[in-house]
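Working notes, beginning with the structure itself.
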Amino acid sequence: QVQVVESGGGLVQAGGSLRLSCAASGSGFSINLMGWYRQPPGKQREFVARISSGGSTTYADSVKGRFTISRDNAKNTVYLQMNSLKPDDTAVYYCFALTGQNYWGKGTLVTVSS
């Protein structure tokens, strides 16, 4: 079993930055991918970014050029650096870790105000 825990959410003004962290822990697992989804108020969960153990990255069009995903494989940890934040980025951000199945964190709330 894998546990996934996010941190770093909070309240920020438009144009500001936040850095989210996600750590996966457990025993006897091998992670292929880690990344982030988000769920804005009143909307469905949507893909944000992912990164493979080899460092290949994929971003949603809505965050390209503003968000950067990185990882520390030794710590099974990924980071999401969010710059130039917009009110539309307001959401609960969920981290996932993919092994043979998808494991999810509980989420961390990011609120971007005008």
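Everything numeric here is computed off the predicted structure, so don't read it as measured data. Numbers for residues simply follow the sequence, beginning at 1.
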inquiry  = Below 30° counts as parallel, above 60° as perpendicular, anything between as tilted: where do the rings of F47 and Y37 land?
reply    =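 Taking Y37 first and then F47, their aromatic rings stand perpendicular (interplane angle over 60°).
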task = Using the six-membered ring wherever Trp is involved, compare the ring planes of F96 and W104 and label them parallel, tilted or perpendicular (cut-offs 30° and 60°).
result =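 Tilted.
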Rounded to the nearest 0.5 Å, how far apart are [atom1] of [X] and [atom2] of [Y]?
X: S25; Y: Q1; atom1: OG; atom2: CD; result: 9.5 Å
X: M34; Y: T99; atom1: CE; atom2: OG1; result: 11.0 Å
X: S53; Y: N32; atom1: OG; atom2: CG; result: 6.5 Å

message = Can you list everything that forms a side chain to side chain contact (heavy atoms under 4.5 Å, CB included) with K106? Sequence neighbours excluded, please.
response =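 Residues passing side chain to side chain contact (heavy atoms under 4.5 Å, CB included) with K106: none at all.
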query = Hey, quick one: are Y94 and W36 part of the same hydrophobic cluster, counting side-chain heavy atoms closer than 4.5 Å, chains of contacts allowed?
reply =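 Looking at the clustering, W36 is in a separate group from Y94.
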inquiry  = Could you see if V92 belongs to whatever hydrophobic cluster contains L18? Use Ile, Leu, Val, Met, Phe, Trp, Tyr and a side-chain cutoff under 4.5 Å.
reply    =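 No, separate clusters.
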ask   = Would a distance-only check, ignoring hydrogens and angles, find a side-chain to backbone donor-acceptor pair under 3.5 Å from Q81 to T68?
value =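 Not a single qualifying donor-acceptor pair exists.
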key: Any donor-acceptor pair under 3.5 Å from T57 side chain to I51 backbone   =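 Such a contact is absent between T57 side chain and I51 backbone.
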Within-4.5 Å side-chain heavy-atom neighbours: [X] and [Y]:
X: M82; Y: V48; answer: no
X: E6; Y: Y93; answer: no
X: K75; Y: S21; answer: no

Give the minimum heavy-atom separation between [X] and [Y], together with the two atoms involved.
X: T90; Y: V112; result: OG1-N, 2.9 Å
X: S17; Y: N83; result: OG-OD1, 2.9 Å
X: I31; Y: A24; result: CD1-CB, 3.7 Å
X: S62; Y: R66; result: O-NH2, 2.9 Å
X: S84; Y: D89; result: O-OD2, 4.4 Å
X: R71; Y: G55; result: NE-CA, 3.5 Å

task = Answer yes or no: are there more than 12 heavy-atom neighbours, outside E46 itself, under 6.0 Å from its atom CD?
result =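 Above 12, so yes.
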query = Residues two or more places apart in sequence or in another chain: which of them pass salt bridge (Lys or Arg N to Asp or Glu O under 4.0 Å) with D88?
reply =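 With neighbours one apart ignored, the set is empty.
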Pair D61 + K64: basic N to acidic O under 4.0 Å =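 Yes, this pair counts.
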request  = With C22 as reference, evaluate V78, N76, L80, I69 under the side-chain contact (heavy atoms from CB on, under 4.5 Å) test and give the passing residue.
outcome  =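 Output: one option passes, namely V78.
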